[in-house]
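Report on one structure; see the data block that follows.
Lettering of chains follows the sequences in order, A, B, ..., and the numbering in each one begins at 1.
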Amino acid sequence: MEFWENSTVIHSLQRSLREWYQAQGRDLPWRSTTNPYHIWVSEVMLQQTQVSTVIPYYYRWLNQFPDIPTLAESSLDLILKLWEGLGYYARARNLHRAAQQVASEYQGIFPQELEKVLTLPGIGRTTAGGILSAAFNQPVSILDGNVKRVLARLVSLEQPPQKAIKQLWVISDTLLDKKHPREYNQGLMDLGATICTPSQPACLLCPWSEFCQALQYNLQTKIPMREPSSPLPHKEIGVAVIWNDQGEILIDRRPEEGLLGGLWEFPGGKIEANETIAACIQREIEEELGIKIEVGEHLITINHAYTHFRVTLNVYHCQYLQGEPQPLESQELRWVKPEQLSEFPFPKANTKIIEVIVG
DNA sequence: AAAACGTGGCT
DNA sequence: TAGCCAAGTTT
């Protein structure tokens, strides 16, 4: 039997975490409510995203979409505009779809059954546990990045967490304080975020230090272990800011699915081997929009890193020549004046382009 | 099962 | 500076 399966140890871990949380837990906007919709929004925004980034988005979102029916009836355009800059835009699309599902299937009332919650798009096991424990104090465990790190250190996990997900869920389930699930889950996440941090954990202040196997072996900075990562591929992109004679710019709305789905952008594409930037831009614009342009002055060059590749955006002013623009590889096209650009949700990599255009 | 999916902050 | 990491889910 592992030490963390001993009921005396479990109770001691639960009690010490709860006392620590009551004294040292963070005061966060979504902790002053049990409104499941508010907590749901916070949980989704917090996926792979840090608290300080989320807070302003959380307030703006609830101000714009105060309840589930309002969100369900909103346009995706407005939703994406509110989400602009937060990243992982599928979260916003899923929140919209899930709100429509709650509206139609549950009369707009967020369900309290785990099986029902898990059918909502964008809500997986951890988010479901986070919502049900925080909103309804239900004993449902979680396994987010904080919890993985804390538990990996507690048991001195000998392999990268990715390789031991099933085991970590068992530990998380076993240690969950079934009498105080809300405080336990929130406390465990706070412990990971403020004490058991990725680098330089504050073990001297940790309520679990006397049980922590990593600390006992002085491995707290080696655990969690990680696998070596492969270098990110790099893409050179040609981007066109196409002007017509009315002083308008042609922008397109990306396909609904995939990278930056539903966001607007300046058209362009990947530079092929042995292709000049100007030739690339001309070719891409003909392929994607079916029009002829003339490539003019260089506007700006932008380097940007996504999760799984990096890009260099080579942006050029272009002049529209002939043909009727068609959305051959996008959802929609618009000619817009520079001052209208701010009305559309753009990816972060494009904000510098807009700044330079608008001045 | 592994890859796709954004961005900002920290080291 | 380049890489790592963050309240993960979906396909």
Side-chain angles (χ1 to χ4, degrees), chain A residues 25-26 28-31 39-58 80 83-95 97-98 117-134 140-152 160-163 165-166 168-169 172 182 185-194 196-201 221 224-234 254-263 265 302-311 345-352:
Chain A
R26 292 174 293 180
L28 301 172
W30 40 89
R31 286 191 180 157
I39 290 166
W40 171 27
V41 170
S42 77
E43 289 288 340
V44 172
M45 287 185 169
L46 287 161
Q47 289 168 4
Q48 301 295 97
T49 310
Q50 295 186 330
V51 166
S52 57
T53 304
V54 165
I55 288 176
Y57 283 89
Y58 173 77
L80 287 173
W83 202 271
E84 183 181 32
L86 243 198
Y88 286 142
Y89 297 91
R91 294 183 293 173
R93 302 195 298 272
N94 285 335
L95 220 27
R97 286 200 295 140
V117 172
L118 284 172
T119 68
L120 297 172
I123 300 184
R125 191 168 168 186
T126 286
T127 300
I131 297 170
L132 292 177
S133 62
V140 187
S141 63
I142 59 175
L143 188 62
D144 65 1
N146 286 313
V147 177
K148 280 180 197 161
R149 185 173 56 256
V150 172
L151 297 183
Q162 269 315 96
K163 304 275 190 191
I165 293 299
K166 282 184 72 174
L168 287 168
W169 271 112
S172 183
R182 175 188 290 130
N185 280 345
Q186 299 296 317
L188 195 49
M189 288 189 284
D190 275 17
L191 191 64
T194 65
C196 195
T197 49
S199 63
Q200 300 184 305
T221 58
M225 301 177 66
R226 53 168 177 261
E227 334 204 38
S229 60
S230 47
L232 296 183
H234 180 262
R254 294 176 60 89
E256 200 69 37
E257 304 297 323
L259 184 71
L260 305 166
L263 297 198
E265 67 175 1
I302 295 166
N303 285 299
H304 189 80
Y306 292 99
T307 311
H308 51 297
F309 64 94
R310 2 173 122 262
V311 291
F346 278 87
K348 200 63 190 174
N350 286 18
T351 58
K352 282 180 189 159

Under the ring-ring contact (aromatic ring centres under 6.0 Å, His included) test, which residues partner A/Y57, sequence neighbours left out? none

Within the 4.0 Å heavy-atom criterion, would you say A/T49 contacts the bases, only the backbone, or no part of the nucleic acid? base

Could you check whether A/G122 gets within reach of a base, just the sugar-phosphate, or nothing at all, counting any heavy atom under 4.0 Å? sugar-phosphate

Those residues at least two apart in sequence (or on a different chain) that pass side chain to side chain donor-acceptor pair (under 3.5 Å) with A/S172 are none

For a 4.0 angstrom threshold against heavy atoms of chain A, report the outermost contacting nucleotides of DNA chain C in 5' to 3' order. C/dG3 to C/dT10

For A/R310 and for A/W30, find the nucleotide of DNA chain C with the closest heavy atom, then tell me which residue's nucleotide is more 5'. A/R310

Taking all heavy atoms of A/A134 and all of A/Q186, pick out the closest pair and write down the distance. CB-NE2, 3.8 Å

Distance between P atoms of C/dA7 and B/dT11 (Å, rounded): 15 Å

Between C/dT1 and B/dG8, how far apart are the C1' atoms? Round to whole Å, please. 16 Å

Who passes side chain to side chain donor-acceptor pair (under 3.5 Å) against A/Q50, sequence neighbours left out? none

With sequence neighbours excluded, what pairs up with A/T126 under the side chain to side chain donor-acceptor pair (under 3.5 Å) test? none

Just the rounded figure in Å: distance from C1' of B/dT7 to CG of A/N350. 14 Å

Counting only side-chain nitrogens and oxygens, does A/H308 get under 4.0 Å of the OP1 or OP2 atom of B/dC5? yes

With rounding to whole Å, what would you report as the distance between B/dA1 and C/dA6 at their C1' atoms? 23 Å

Using the C1' atoms only, state how far B/dC5 lies from C/dC5, rounded to an integer number of Å. 15 Å

Going by the rule side chain to side chain contact (heavy atoms under 4.5 Å, CB included), which residues pair with A/E227 if we only count those two or more places apart in sequence or in a different chain? A/P160, A/K163

Of A/Q48 and A/K163, the one whose nearest nucleotide on DNA chain B sits closer to the 5' end is A/K163

Only counting residues at least two apart or in another chain, list the ones meeting ring-ring contact (aromatic ring centres under 6.0 Å, His included) with A/Y58. A/W30

A/T194: partners by side chain to side chain contact (heavy atoms under 4.5 Å, CB included), with sequence neighbours left out: A/W20, A/R26

Heavy atoms only, 4.0 Å cut-off, all strands: where does A/L232 land among base, sugar-phosphate and nothing? nothing

Just call it for A/T127: base, sugar-phosphate, or nothing, with non-hydrogen atoms closer than 4.0 Å on any strand. sugar-phosphate

All N/O pairs under 3.5 Å across the protein-nucleotides 8-11 of chain B interface:
from: B/dG8; atom 1: OP1; to: A/K348; atom 2: NZ; distance (Å): 3.3

NA contact type, A/I131, heavy-atom cut-off 4.0 Å: base, sugar-phosphate, or nothing? nothing

Closest nucleotide of DNA chain C for A/R31 versus for A/I123: which of these residues is on the 5' side? A/R31

Test item: side-chain donor near acceptor, A/R97 and A/N94, under 3.5 Å: yes

When all nucleic acid strands are considered with a 4.0 Å heavy-atom cut-off, which category describes A/R93: base, sugar-phosphate, or nothing? nothing

Between A/R310 (side chain) and A/L232 (backbone), is there a donor-acceptor pair under 3.5 Å? no

Once you round it to whole Å, what is the distance between C1' of B/dT7 and CG of A/L263? 13 Å

